[in-house]
Amino acid sequence: MIVKSLELSDYRNYETLSVQFHPGRNLIYGDNAQGKTNVLEAIYECATLRSHRGSKDRDIIRFGAEEAHIRLLMEKKGKTERIDVHLRGKKAKGAAVGGVALHRASELFGLLHVVFFSPEDLRIIKNSPQERRRFMDIELCQLSRFYTNQLIGYNKALLQRNMLLKEAAHRKEMLSVLEEWDAQLLSYGLPIMKEREKFIRELDEILASIHESLTGGRERLSLRYAPSVRAEAWEEKIFLSHDTDRAQQTTTLGPHRDELEFLIDGTDARRFGSQGQQRSAALSLKLAEIELVRRTIGDTPVLLLDDVLSELDGKRRERLLQSLDGVQTLLTCTGLDDFAKNSVSVDRRFYVTEGRMTEETQEDE
């Protein structure tokens, strides 16, 4: 799977952009705040219809413009596909594949698979549980349309149930329909828990050998899915939690409260792991993610590395670079020193300044 080309119009600081990528390693470099990450963000948006930064559409549209457009050409198993994304500040975004408009955002998921790795991901273990749930959801939505639909339904039901709990503080008669929303949560939530458990189990099997190699066999890393409530007990406990939910005016049990735990030699890495151990674990997680996608879809995902090499020491950087063979990669960095010092080869190089991206040739060196 490769991204062949990308066109942008009024996207972030790009008035226009038209660029073609190499199926191997593509280096995008330049000073900070020039637009390097915006290119990766646009590709990510074509895969997930969301910004990896969590930005709203109106904040992505170039200042002074009313709309932004992304057009991406990709190749998957020998077939070329075109993805168009249309961002409108005051309306919902639109998307099309091959010029045919999609009725639902979920129809796009699973067409383009990407693995995004940024310095923030190196802190996924220390960050809040919300970040680890987000990791599970984003990866599973790319791998399973069924999961995507369940998650959409669950989030809608959760929103309605929480609104009901807030209204019930003033209108107790509203509680008469609370059990109906309990049933909705269970209907959507139980399959989500089952899919998350399977995903983490498969990822954990791949992760162990990768981390062992990365640490020279000194550590064993494992993942553990830690739901807020056991699936077989949730139906009973959601009823028993009514009083607590009413008092807190929110739903206290369900997949939206789940956790993903990282264990190094059986010990909680979040609480007791050193910064170096946590970074190694995060790197192993991303490498395992690449392999799991490859096994699941029978193709390689596109790897987006946003200024990660500068955050890694020599050994971790070397292990990451070894994983790039056979994977289309777009890397961003602020300078060429790291590549020169580590003899890292790239197939195509681009320089970015003030929202302009220029391909460089060997003669430019």
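Everything numeric here is computed off the predicted structure, so don't read it as measured data.
Shown here for Leu304 and Leu40, the closest heavy-atom pair between the two residues is CD1-O, 3.8 Å. In plain terms, the two heavy atoms of Thr300 and Met1 that are nearest each other are O-CB, 3.1 Å. Pairing each heavy atom of Ile192 with each of Leu151, the nearest pair is CD1-CA, 3.7 Å. Heavy-atom minimum distance, Tyr225 versus Ile200: N-CG2, 3.9 Å. Of all heavy-atom pairs between Ile83 and Cys46, the closest is CD1-O, 3.8 Å. Of all the heavy atoms in Ser51 and Glu41, the pair that sits closest is OG-OE2, 2.6 Å.
Hydrophobic clustering (ILVMFWY, side-chain heavy atoms < 4.5 Å, transitive): Ile264 and Phe272 are in distinct clusters. Residues Met136 and Leu263 are members of separate hydrophobic clusters, defined by side-chain heavy-atom contacts under 4.5 angstrom among Ile, Leu, Val, Met, Phe, Trp and Tyr. Linking ILVMFWY side-chain heavy atoms closer than 4.5 Å, directly or via other members, places Leu27 and Ile2 in two distinct hydrophobic clusters. Under the 4.5 Å side-chain contact rule for hydrophobic residues, Val3 and Ile297 share a cluster. Hydrophobic clustering (ILVMFWY, side-chain heavy atoms < 4.5 Å, transitive): Ile152 and Leu186 are in distinct clusters.
The pair Arg196-Asp137 meets the salt-bridge criterion, with a side-chain N (NZ, NE, NH1 or NH2) lying under 4.0 Å from an Asp/Glu carboxylate O. Contact check on Arg132 versus Glu259 returns a salt bridge, with a Lys/Arg side-chain nitrogen under 4.0 Å from an Asp/Glu carboxylate oxygen. Salt bridge Glu202/Arg295: absent, no basic N to carboxylate O contact under 4.0 Å. Between Lys194 and Glu197 there is no salt bridge, since no side-chain N of the basic residue sits under 4.0 Å from a carboxylate O of the acidic one. Of the charged side-chain nitrogens involved, at least one lies within less than 4.0 Å of a carboxylate oxygen, so that Arg71 and Asp84 count as a salt-bridged pair. Using a cut-off of 4.0 Å between Lys/Arg side-chain N and Asp/Glu carboxylate O, Lys198 and Glu195 are scored as not salt-bridged. Classification of Arg348 and Glu359 as a salt-bridged pair holds, one side-chain N sitting under 4.0 Å from a carboxylate O. For the pair Arg25 and Asp325, the salt-bridge criterion is met [side-chain N within less than 4.0 Å of a carboxylate O].
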Inset, instruction - Decide yes or no on side chain to side chain contact (heavy atoms under 4.5 Å, CB included) for Lys77 and Lys79, but give the supporting numbers first. - result: CA-CA 6 Å; Lys77 297 182 177 178; Lys79 183 180 179 182; 5.9 Å; no
Legend entry - Full working for side-chain hydrogen bond (donor to acceptor under 3.5 Å, both in side chains) between Glu120 and Ser118: CA-CA 5 Å; Glu120 288 74 21; Ser118 70; 2.9 Å; yes
Legend entry - Residues Leu309, Leu321; criterion side chain to side chain contact (heavy atoms under 4.5 Å, CB included); working and verdict: CA-CA 9 Å; Leu309 295 184; Leu321 292 171; 4.2 Å; yes
Inset, instruction - Could you please spell out the steps behind the side chain to side chain contact (heavy atoms under 4.5 Å, CB included) verdict for Leu185 and Leu158? - result: CA-CA 7 Å; Leu185 283 189; Leu158 178 64; 4.1 Å; yes
Inset, instruction - Under the side-chain hydrogen bond (donor to acceptor under 3.5 Å, both in side chains) rule, what do His69 and Ser9 come out as? Steps first, then yes or no, please. - result: CA-CA 5 Å; His69 296 265; Ser9 174; 5.6 Å; no
Inset, instruction - Tell me, with the steps shown, if Ile138 and Arg50 meet side chain to side chain contact (heavy atoms under 4.5 Å, CB included). - result: CA-CA 10 Å; Ile138 288 174; Arg50 68 172 73 188; 4.2 Å; yes
Inset, instruction - Could you walk me through whether Thr332 and Asp306 pass side-chain hydrogen bond (donor to acceptor under 3.5 Å, both in side chains), step by step? - result: CA-CA 5 Å; Thr332 70; Asp306 188 23; 2.7 Å; yes
Legend entry - Residues Arg246, Asp243; criterion salt bridge (charged side-chain N to carboxylate O under 4.0 Å, His left out); working and verdict: CA-CA 5 Å; Arg246 286 171 56 191; Asp243 287 344; 3.8 Å; yes
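Listed by chain and residue number, Asp10, Arg62 satisfy the side chain to side chain contact (heavy atoms under 4.5 Å, CB included) test with Glu15 (two or more places apart in sequence, or in another chain). By the ring pair (Phe, Tyr, Trp, His ring centres under 6.0 Å) test, Phe109 is found to be paired with no residue, residues two or more places apart in sequence or in another chain being considered. Phe350 is linked by a ring pair (Phe, Tyr, Trp, His ring centres under 6.0 Å) to Phe21, counting only residues two or more places apart in sequence or in another chain. The side-chain hydrogen bond (donor to acceptor under 3.5 Å, both in side chains) check on Arg279 picks up Glu311, with sequence neighbours excluded. For Phe239, the ring pair (Phe, Tyr, Trp, His ring centres under 6.0 Å) test picks out His242, with sequence neighbours left out.
The backbone N or O of Ile206 sits less than 3.5 Å from a side-chain atom of Ser209, completing a donor-acceptor pair. A donor-acceptor contact shorter than 3.5 Å links the side chain of Lys36 to the backbone of Asp31. Between the side chain of Lys286 and the backbone N or O of Phe116 there is at least one donor-acceptor pair closer than 3.5 Å. Judged purely by atom type and a 3.5 angstrom limit, Lys4 has no side-chain atom pairing as donor or acceptor with the backbone of Glu75. Side-chain atoms of Asn13 come within 3.5 Å of backbone N or O of Gln34 as a donor-acceptor pair. No side-chain donor-acceptor contact under 3.5 Å links Glu67 to the backbone of His86. Remark: side-chain polar atoms of Arg270 are not paired, donor with acceptor, to backbone N or O of Glu261 under 3.5 angstrom. A donor-acceptor distance shorter than 3.5 angstrom exists from the side chain of Gln278 to the backbone of Ala269, with no hydrogens or angles considered. Listed for the Asp307 side chain is no donor-acceptor partner under 3.5 Å among the backbone atoms of Cys333. Side-chain N or O atoms of Gln277 include one that pairs as donor or acceptor with a backbone N or O of Ser274 at under 3.5 Å.
For the pair Leu112/Glu81, no side-chain contact is recorded, criterion being any heavy-atom separation below 4.5 Å from C-beta on.
By the 30° and 60° cut-offs, the orientation of the rings of Tyr154 relative to Trp234 is tilted. Ring geometry, Phe135 versus Phe199: the interplanar angle falls from 30° to 60°, so the pair is classed tilted.
Atoms CD1 and CZ, from Ile60 and Arg53 in turn, are 8.0 Å apart once rounded to the nearest 0.5 Å. Separating the CG atom in Leu320 from the OG atom in Ser284 is a distance of 10.5 Å, to the nearest 0.5 Å. From Thr148, atom OG1 reaches atom CD of Glu107 across 11.5 Å, with rounding to the nearest 0.5 Å. Going from atom CG of Asp204 over to atom CG of Leu221 covers 7.5 Å, rounded to the nearest 0.5 Å.
Exactly one of Asn127, Asp121, Ile125 qualifies for a side-chain contact (heavy atoms from CB on, under 4.5 Å) with Arg123. That residue is Asn127.
Using modelled atom types, one finds no donor on one side chain facing an acceptor on the other under 3.5 Å when comparing Thr250 with Gln248.
Sorted by first and then second residue, the side-chain hydrogen bond (donor to acceptor under 3.5 Å, both in side chains) pairs involving residues 155-167 (not counting sequence neighbours) are Arg161-Asp182, Arg161-Asp245, Arg161-Thr251, Asn162-Thr251.
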